[in-house]
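Take a look at the structure set out below.
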Amino acid sequence: HDVLWLDSSFSHLLCDVGRWEEAKYESGVKWKFLEHKGPCFPPEFESLPDNVRFYYNGKVVKLSLASEEVALFFGQMLDHEYTTKAVFRENFFKDWRKEMSSEERLLIQDLNKCDFSELHAMHKAKVEARKNMSKEEKLANQQTVEEYGFCLLDHHRERIGNFKIEPPGLFRGRGEHPKQGMLKKRIQPEHVIINCSSESKIPAPPPGHRWKEIRHDNTVTWLASWTENIQGSIKYIMLNANSKLKGEKDWEKYEVARRLKTCVDSIRRQYTQDFKSKQMGTRQRAVALYFIDKLALRAGNEKEEGETADTVGCCSLRVEHITVHPNLDASDFVVEFDFLGKDSIRYYNKVPVEKKVFKNVILFMENKNPSDELFDRLNTAVLNKHLSSLMDGLTAKVFRTFNASITLQEQLKKLSNKSDNPSEKLLSYNRANRAVAILCNHQRAPPKTFDQSMANLQAKTWQPTAGWNRWKRPDLSLSRLVERKKKAVERCEEQVLKMEVQATDREENKQIALGTSKLNYLDPRISVAWCKNMDVPLDKIYNKSQRDKFAWAIDMTEADFVF
DNA sequence: AATAGGACTTAGCAAGATCAAG
DNA sequence: CTTGATCTTGCTAAGTCCTATT
């Protein structure tokens, strides 16, 4: 099982499915040889200059090093609205006081009496200064990447995804996070586990330090790890998306989704049957699966209360997240969903469902409080256990991948024509991508400058610039002049069309994020094949890093690829 | 069957880089 | 050359799902 890489692209080998499968099943080995420099640590905190003062109750207080650092974290964030939030302030103050000396703790009892404005100003000035002197810094950054950003994996140089230890700061979290404002502590080498080959050069810890542990576990892909103090979860340093290890995994993911395509009809027939099962658990499983399949909901693992923001997925939906409408806007049997999903992004949708689903939802809600679980006989473990019995490797998230990719393929077929002009083709692609993003509920905050930039684009539509300033050319004959002007008009029309298409695209995209689905849900081979069929250059669809990530697909895909 | 720990993917935001217009 | 808009990347939180343990 020596690794035979012909070059940095592994796609030729990926085509040879059986070989890789065989190698993997034999032992669970992920690599034979792994060597790296260890993680890069953020600079240590140095005490503030004397002219940057902290005031308590109007009086200057010289803080100890530890509490000064934490005070600076707060001062840096003063522009953000969340420093005004009660939960944030309370958590911050509690953790800050833990870092204070006993005298400081005695003195500083009220956050409202703290004045961080000079710390804030210093931070702003630093940001400004960094902008101006970026040249040397850029060089230094490049050197850091050179030194820490790569590892040797099975004798090939691979890019590391995140080679820096996360710097300390105040935890923000998303949505109404109960732990917002808590102190995220500085990670020392003594907290870090290094994973590498035993026969490799062991990375040297920073001077005066030692690692927590050196491990040689070739069944995992991480190079270093540490435990984070907010949730107590493990953080990892792993490879970049363009690495062989990640690419292979990505390819596998889409192959599983393609297998679902071959059996999804029978799975749908079965869960439709199960709508009328005598077992309540089976009915709940069937309805949940229907939602996951139809609406691309996430599985919805249980979460520990009070540890994270209150968000749900399918299995963890509560009665309060659902409203049933026997009749709504000329549709029968409408279920209205309104809940916060991953990252506290709101999911709001009114969906006409099958009558049996509707009746079941009403049944599941009977005699329950709003805060009770809708699917009280179901969780993700039960659901996934069932799914894996239907198809090898099938889990709830595979439905999201499958439905996203199949939707892209269908929409591309429906929307695009070979005879379209390039910008129309691109609009079609983006619309197909958008259909998926809407399905998966990938939202974004509308860009701050959105209205302005729309207005700019509209204005431009009225003053195309293709050569109108060239009226005076006395040396030309009249017929040549007419010809030229005709051409100019044509160019203008083309430009206008292009801008109108662009404006449409942007308007439709106001609150939709296309990136997440493009990166994580859409089989890149669909896009590569479409580009080949439509004579669209691939770089219109994928930027450099996306092309790197999808190198495997770009290499192996022909125009006739079907998901 | 419930729970915890672990490893990995998926996610939106903001900083930084690049591009286009003035 | 500067400035503002847009695109890209870095960051790290927040999910999924698996395995081991009780």
Side-chain angles (χ1 to χ4, degrees), chain A residues 28 30 42 79-80 127 130-131 134 137-138 141 145 149 161-167 169 171-175 177 179-180 184 193 195 217 219-222 225 227-228 230-241 245-246 249-250 252-253 292 298-304 307-309 311-316 340-345 379-385 387-388 393-401 404 437 440-445 447-450 452-457 460 465 502 506 511-521 542-546 548-549:
Chain A
K30 305 252 163 69
D79 283 338
H80 284 106
V127 168
R130 197 178 318 155
K131 261 188 224 158
S134 58
E137 222 166 76
K138 250 189 247 167
N141 274 347
V145 173
N162 57 323
F163 53 85
K164 287 178 180 164
I165 294 284
E166 292 173 16
F171 178 79
R172 173 56 190 118
R174 319 264 164 82
H177 202 295
K179 298 193 171 185
Q180 65 189 93
K184 183 169 134 173
I193 303 173
N195 192 28
D217 183 353
T219 68
V220 295
T221 68
W222 52 268
S225 73
T227 301
E228 152 273 338
I230 304 286
Q231 313 279 357
S233 65
I234 308 171
K235 299 267 184 158
Y236 301 94
I237 285 181
M238 287 182 182
L239 295 172
N240 188 272
L245 238 39
K246 295 282 187 188
K249 213 57 194 312
D250 208 30
E252 255 174 35
K253 174 181 77 184
I292 284 170
R298 296 186 185 84
N301 285 308
E302 274 109 304
K303 304 166 69 183
E304 218 177 318
E307 293 292 299
T308 60
T311 63
V312 297
C314 186
C315 292
S316 50
L340 297 181
K342 181 176 178 179
D343 291 320
S344 293
I345 297 289
N379 60 41
T380 55
V382 170
L383 178 65
N384 279 336
K385 197 173 173 212
L387 290 176
S388 73
L394 187 62
T395 62
K397 86 193 261 280
V398 178
F399 280 87
R400 246 166 107 81
T401 312
C440 294
N441 199 40
H442 292 143
Q443 297 189 33
R444 62 165 183 180
K448 285 188 190 87
T449 56
F450 185 85
Q452 182 58 50
S453 83
M454 272 320 277
N456 291 349
L457 205 56
K460 262 203 266 175
T465 54
Q502 212 185 341
R506 193 175 304 182
Q511 300 190 68
I512 314 288
L514 300 187
T516 303
S517 50
K518 195 185 258 189
L519 233 49
N520 301 303
Y521 288 102
Y542 291 140
N543 67 30
K544 180 70 171 74
S545 62
Q546 291 166 338
D548 283 348
K549 167 168 176 167

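Values in this document were obtained by computation on a predicted structure and should not be read as measured data. So you know, we letter chains A, B, ... as the sequences are listed, proteins then strands, and number each from 1. Basis for what follows: all heavy atoms, side chains included, without hydrogens, waters or symmetry-related copies.
- Scanning all heavy atoms of the two residues, the minimum distance from A/Asn520 to A/Lys253 falls at O-NZ, 2.8 Å.
- One can place CD of A/Gln511 at 11 Å from P of B/dC13, the figure rounded to the nearest angstrom.
- A/Ile345 comes within contact range of the sugar-phosphate backbone alone, with a heavy-atom separation under 4.0 Å but no base atom that close.
- Contact annotation for A/Lys385: no contact, since no heavy-atom pair falls under 4.0 Å across all strands.
- Aromatic ring orientation, A/Trp222 versus A/Tyr236: tilted (interplanar angle from 30° to 60°).
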Legend entry - Contact pattern, 5' to 3', of nucleotides 12-22 of chain C - B, S or - by protein heavy atom under 4.0 Å: BSBSBBS----

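- Here B/dA15 presents its P atom at 9 Å from NZ of A/Lys131, a figure rounded to the nearest Å.
- In terms of position on DNA chain B, the residue among A/Thr227 and A/Thr401 whose nearest nucleotide sits closer to the 5' end is A/Thr227.
- A/Leu514 and A/Ala437 make their closest contact through CD2-CB, 4.1 Å (heavy atoms, listed as atom of the first residue, atom of the second, distance).
- If you take CE of A/Met238 and P of B/dT10, they are 13 Å apart, rounded to a whole angstrom.
- Among the heavy atoms of the strands, none lies under 4.0 Å from A/Ser233.
- In this structure, a donor-acceptor pair under 3.5 Å is absent between the side chains of A/Asn384 and A/Thr395.
- Between A/Arg444 and A/Ile512 there is no side-chain heavy-atom pair separated by less than 4.5 Å.
- Defining each end axis of the helix from B/dA1-C/dT22 to B/dG22-C/dC1 as the rotation carrying four pairs' C1' atoms onto the next four, with five pairs an end, the two axes are found to diverge by 10° to 10 degrees.
- One finds no side-chain N or O of A/Tyr521 lying less than 4.0 angstrom from the OP1 or OP2 phosphate oxygen of B/dT9.
- If you measure from atom CD1 of A/Ile234 to atom P of B/dA7, you get 5 Å, rounded to the nearest angstrom.
- Nucleotide B/dA7 holds its C1' atom 13 Å from the CD1 atom of A/Ile193, rounded to whole Å.
- Checked against ring-ring contact (aromatic ring centres under 6.0 Å, His included), A/Tyr521 has the following partners two or more places apart in sequence or in another chain: A/His442.
- Position along DNA chain B of the nearest nucleotide to A/Lys253 versus A/Glu304 favours A/Glu304 as the more 5'-ward residue.
- Side chain to side chain, A/Asn441 and A/Gln443 meet the donor-acceptor criterion of an N or O pair below 3.5 Å.
- By the side chain to side chain donor-acceptor pair (under 3.5 Å) test, A/Lys30 is found to be paired with no residue, residues two or more places apart in sequence or in another chain being considered.
- Contact annotation for A/Lys179: no contact, since no heavy-atom pair falls under 4.0 Å across all strands.
- Partners of A/Thr227 according to the side chain to side chain donor-acceptor pair (under 3.5 Å) rule, which considers only residues two or more places apart in sequence or in another chain, do not exist here.
- For the salt bridge (charged side-chain N to carboxylate O under 4.0 Å, His left out) test, no residue two or more places apart in sequence or in another chain qualifies with A/Lys549.
- Atom pair A/Phe399:CZ and B/dT9:P shows a separation of 21 Å (rounding to whole Å applied).
- Rounded to whole angstrom, the span from the NZ atom of A/Lys246 across to the P atom of B/dC8 amounts to 7 Å.
- Between A/Lys549 atom NZ and C/dT9 atom P there is a gap of 13 Å when expressed in whole angstrom units.
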